[in-house]
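To start, the structure under review is shown below, and the notes come after it.
Here is the naming used below: chain letters follow the sequence lines, and residue numbers restart at 1 for every chain.
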Amino acid sequence: MAEKIQLEVVTPKGAVVSESVDIVTAPGYAGEFGVLANHAPMLSTIKTGVLIYKKDNQEQPFMMSGGFCEVSNNKITFLVEAADRGTEIDVDRALRAKERAEKRLALAQQQREKINVARAEAALQRSLARLKAAKSEK
Amino acid sequence: MASLKDVQNQIGGVKKTSQITKAMNMVAAAKLRGAQQKMEDFRPYTAKFNEAMGNLSANMDAGQFPLMEAREVKAVELIVVTSDRGLCGSFNANINKMTEKLIAQYEREGKKVSLVCVGKKGARYFRKTGKVRQQYSDIMGTFQMFNARAIAQDVAANFLSGDADEVHIVYGKFFSVAVQRPNQEPLLPVRPIAGPEGEASGGAGGDYIYEPSPGEIMEVLLPLYLNVMVYHAMLEVGASEHAARMTAMDNATNACKDMIDSLTLIYNKARQAGITSELMDIVGGAEALKG
């Protein structure tokens with residue numbers, strides 16, 4: 001595994017990761033995909049989920065919310081709205097967010113209250129991704 | 001001539017004002033640093049985003065996407081981004097003036113104009129015109145992405161429904177701490193962005209693997225692009241506002257200093273005149289006693 005690929009994760013709050021890594025696994029549009037060094041140029045949308053990259057045989061999980069990624073010239077760039085490193089995720093907060101989102105979704109189903117289902121759904125996805133990223137850290 | 005006491009009171013008042021303006025200047029300077037940092041943090045995102053958009057739209061047919069469709073322009077919508085608070089010199093006035101000019105220009109061309117005001121100052125200024133379709137206040141301080149998204153979605157929906165055939169965004173662009181100028185940028189329909197290396201990137205774009213299809217990616221990217229543009233304008237206005245306030249408050253503090261100087265001069269003159277007349281009295285009295 002001599003060859004490495006440059007990983008860049010950029011959010012509106014600035015660059016989060018800029019490292020050369022062995023492999024990147026990301027939640028793509030059609031499911032998870034892995035990218036190794038010298039991958040062909042590619043452009044894909046990214047779903048909310050967990051990104052894992054491997055460097056020096058250590059796996060680093062990341063929570064990501066939607067965006068897209070571009071692979072070119074042995075460089076993979078993720079442009080996402082938010083990205084949290086697994087170690088930095090507040091599990092309690094994510095759990096609370098998950099419960100809140102689930103409650104809202106349940107309410108929306110029962111009473112047809114004026115609840116933004118898409119937003120609650122997105123919040124649920126985000127919290128699930130956070131929890132997953134935090135778990136795979138351990 | 002004002003009495004000694006009056007002048008003294010005036011000096012005291014001006015001094016207090018200068019203390020306030022000085023404090024506001026320092027607060028603005030501190031906030032400017034934060035706002036500028038946010039703007040700089042956002043820059044790599046926009047740069048990469050435009051790069052990817054350029055690659056993608058280079059080999060894309062614009063007519064395919066409703067958000068890129070150029071129609072005959074009958075109605076124009078302007079997003080006016082101003083600050084929520086005043087006391088920042090002519091910053092908001094300049095943006096409003098520019099907007100007014102644009103409105104006049106479009107109306108002369110027989111186009112209908114509607115406004116979306118972001119920030120209180122613009123909303124208040126244009127309230128009486130009856131053109132304000134939507135307004136967002138009290139969101140400038142926090143710079144949340146979801147605020148920008150709400151605006152972008154609203155504007156896009158309005159564009160798609162045909163109520164506006166063209167959308168422009170007017171905001172205060174941050175050139176430097178000393179210079180902020182109102183700026184107008186077209187937002188919708190989205191124009192294809194030329195790739196950074198022109199031909200070269202367009203050529204490379206053809207070899208890309210797209211997942212899902214380029215069209216579907218574009219459909220995700222276009223609304224995101226609007227988000228980015230609106231958010232960018234909000235950040236620019238945020239930084240410009242603080243920079244403008246800093247300059248305005250600095251000027252105000254200097255003006256206070258000048259006023260205090262001239263008032264002190266008046267005060268001293270009055271004091272001297274008082275002493276002189278008192279002396280005259282004493283001398284006059286002594287002369288009379290001598291008899």
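- Heavy atoms of A:T77 lying under 4.5 Å from chain B belong exclusively to its side chain.
- Interface summary for chain B: among A:L79, A:T11, A:V10, the most heavy-atom pairs under 4.5 angstrom belong to A:L79.
- Side-chain contact between A:F68 and B:L221 is present, with heavy atoms from C-beta onward closer than 4.5 Å.
- Looking at B:Q37, there are no atoms closer than 4.5 Å to chain A (heavy atoms on both sides), in backbone or side chain.
- Within the 4.5 angstrom heavy-atom criterion, only backbone atoms of A:V80 (N, CA, C, O) approach chain B.
- Applying the 6.0 Å contact sphere to CZ of B:R85 captures no more than 12 heavy atoms from other residues, nucleotides or ligands.
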*asked:* Apply side-chain contact (heavy atoms from CB on, under 4.5 Å) to residues A:T45 and B:E216 and explain how you reach the verdict.
replied: CA-CA 9 Å; A:T45 53; B:E216 277 171 278; over 6 Å; no
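- Considering all non-hydrogen atoms of both residues, A:P12 and B:Y231 come closest at CB-CE2, 4.2 Å.
- At a threshold of 4.5 Å between non-hydrogen side-chain atoms, the residues A:L43 and B:I217 count as touching.
- In this structure, B:K48 does not pair ionically with A:E70, as no charged nitrogen and carboxylate oxygen lie closer than 4.0 Å.
- By number of non-hydrogen pairs under 4.5 angstrom with chain A, the leading residue of B:R149, B:E40, B:R43, B:H232 is B:R149.
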